[in-house]
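Because the structure is a prediction, the values reported are computed rather than measured. Here is the naming used below: chain letters follow the sequence lines, and residue numbers restart at 1 for every chain.
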Amino acid sequence: MKAVCWQGANKVEVETVPDPKIINPGDAVIRITSTAICGSDLHLYDGFIPTMEQGDILGHEFMGEVVEVGSEVKRIKVGDRVVNPFPIACGHCFFCKQTLTSLCDNTNPNAFMAEALMGYSPSGIFGYSHMLGGYAGGQAEYARVPHADVGLYKIPNGLTDEQVLFLSDIFPTGYMAAENCDIKPGHVVAIWGCGPVAQFAIRSAFLLGAERVIAIDRVPERLQMAKDGGAEVLDFEQVDVGEALKEMTGGRGPDAVMDAVGMEAHGMGLEGLYDKAKQAVRLETDRPPALRQAILACRKGGTVSVPGVYGGFVDKIPLGAFMNKALTMKTGQTHVHRYFAPLLEHIQNGDIDPSFVITHRLPLEQAPQGYEIFKHKKDHCIKIVLKPGQST
Amino acid sequence: MAQPIKVERTVTIEKSAEDLYRFWHTLENLPHFTRHLKSVKVYDDGRSHWVTSAPMGNSVEWDARITEDRPNEVIAWTSVEGADIANSGSVRFQPAPGDRGTEVKVITTYDAPAGVVGDAIAKLFGENPKQQIGDDLARFKMLMETGEIATNEGQPSGRRS
């Protein structure tokens with residue numbers, strides 16, 4: 001089959017590799033019909049996530065048709081049309097029983113690597129480094145899915161791939177990030193970043209009852225898409241974000257703030273140079289200016305939601321502000337499994353059509369160009385969907 | 001002779017002590033989840049023969065006897081005279097607080113003699129014997145909780161060897 005393989009920093013190639021097969025009795029193999037490039041894939045592309053190996057198949061946002069199932073698979077059948085969640089969950093452990101599926105105890109065969117960095121390991125994740133399981137990803141024609149009965153979600157007839165594909169990650173991720181804001185009537189939520197996750201977070205915050213959402217970025221088409229979703233917007237290159245937020249919220253500050261940027265945020269001025277230099281020589285693994293600004297901007301007693309991906313260590317987090325303002329931080333990889341049913345219902349009700357975020361549709365073979373376009377935000381790119389088996 | 005090496009690791013498993021004890025008590029089951037143990041054969045007299053893989057296609061073998069066996073609580077064993085590597089171990093099962101299943105604690109002790117076999121056993125247990133036992137216990141937990149052991153072996157990649 002054809003698959004998108006990581007070849008080192010800033011290099012992916014579409015290669016011909018062996019087809020995946022059933023390895024464990026709970027596995028399924030699916031033929032992939034749509035697969036997306038995630039903003040978090042750019043952290044891999046840029047070379048900032050450790051334990052990637054040359055040849056690793058990328059991709060964790062994918063869906064398709066089941067073509068083979070293992071001997072213990074009962075619920076999922078060959079021929080089912082399914083969306084796959086990016087974290088792999090066993091369905092049986094302490095964490096899965098509480099629907100904290102991205103914390104599953106039993107799906108990371110390389111847990112020891114994550115334990116060395118984090119103390120305890122989160123679940124395995126498709127196509128996201130050996131530290132998180134070394135699982136072959138879904139930017140490919142086929143993928144093996146462990147614990148298929150727990151993970152794969154059957155899609156009812158009448159919905160297109162583009163309407164449901166993002167149930168695999170970014171819609172639940174934006175939704176959980178909004179849930180983590182602890183939104184109450186009248187609340188104002190400020191969101192750093194207007195990438196795909198943030199776009200879903202904006203719309204989810206309104207679904208959850210936010211009074212206002214203020215979104216912060218510098219890329220005009222992303223700010224426009226945030227406006228289309230009902231947000232007020234700030235360009236961080238044009239205004240002092242902290243001051244602007246204070247004025248926009250009657251001097252109170254936003255009730256909740258969200259870092260939907262993560263480890264490669266773009267800082268301004270001296271702070272930006274400081275993080276870039278430290279990250280370049282690996283003294284700091286992650287650049288956190290969005291998180292710093294969010295903590296300072298948040299109102300007293302407010303909530304800091306962090307869907308942005310971090311991999312290791314950050315410097316100069318204003319813990320004094322965090323402590324003295326009595327803030328609460330909520331974060332985590334998304335427990336995708338628990339959002340399938342409620343978010344599908346929102347899609348079926350017409351509350352949201354997730355395909356709004358797609359700007360580019362490419363055959364799988366053009367993934368290398370896709371990564372370049374997406375990384376550099378060329379051609380007004382916000383979200384790329386790859387279609388396997390479409391090139392001639 | 002070098003000092004004996006003692007390794008201790010604990011894992012919590014969402015199963016009753018009874019289920020876990022029963023699986024472990026059938027010593028032939030152990031190679032299902034251990035990385036290096038190739039086989040355990042139990043003789044009629046209660047003794048058992050253990051074979052582990054060692055580097056370069058070698059193996060290390062010994063006979064063991066059970067020294068303690070309390071249902072649903074503890075199983076302990078020790079190698080008998082003539083073992084390649086004198087070793088002993090135990091597994092204890094204790095209810096976890098808050099209805100979270102069972103805490104399973106494994107303690108193994110082995111002599112690491114000098115010479116070829118000593119080198120082999122050092123490699124066998126790697127730089128970090130605690131991690132090896134920990135990984136074996138993680139796989140035991142996977143098998144008990146989910147019925148299978150997570151793996152990425154045998155899946156495709158674009159690696160050029």
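Separation of atoms CH2 (B/W50) and CD (B/E61) is listed at 13.5 Å; rounding is to 0.5 Å.
Looking at A/N108, the atoms closer than 4.5 Å to chain B (heavy atoms on both sides) all sit in the backbone: N, CA, C or O. Of the atoms belonging to A/A111, not a single heavy atom falls under 4.5 Å from chain B. Only the side chain of A/E15 comes within contact range of chain B, with at least one heavy atom under 4.5 Å from a heavy atom of that chain. Looking at B/I13, neither its backbone nor its side chain comes within 4.5 Å of chain A, counting heavy atoms on both sides. Interface remark: B/Q131 contributes side-chain atoms only to the contact with chain A (heavy atom separation under 4.5 Å).
Not one N or O on the side chain of B/D135 forms a donor-acceptor pair closer than 3.5 Å with the backbone of B/Q132. Under the 3.5 Å distance criterion, the side-chain polar atoms of A/W6 are matched with a main-chain donor or acceptor of A/L44.
Inter-residue side-chain proximity for B/T52 and B/W62 is flagged as met; some heavy-atom pair is nearer than 4.5 Å. Annotation: side chain of B/Y21 is in contact with side chain of B/P71 (closest heavy-atom distance under 4.5 Å).
B/F93 and B/W24 have perpendicular rings, their planes meeting at more than 60° on a 0 to 90° scale where under 30° would count as parallel.
Defined by atom type and a distance below 3.5 Å, a donor-acceptor pair is present between the side-chain atoms of B/D69 and B/H25.
Top candidate by heavy-atom pairs under 4.5 Å with chain A, chosen from B/R139, B/E153, B/R100, is B/R100. Interface summary for chain A: among B/K141, B/E148, B/E145, B/E14, the most heavy-atom pairs under 4.5 angstrom belong to B/E148. For the set A/C5, A/C96, A/P20, the count of heavy-atom pairs under 4.5 angstrom toward chain B peaks at A/P20. Looking only at heavy-atom pairs under 4.5 Å with chain B, the residue among A/P146, A/G137, A/G26, A/A140 that has the most is A/G26. For the options A/E72, A/E13, A/M1, A/Q7, heavy-atom pairs under 4.5 Å to chain B are most numerous at A/Q7.
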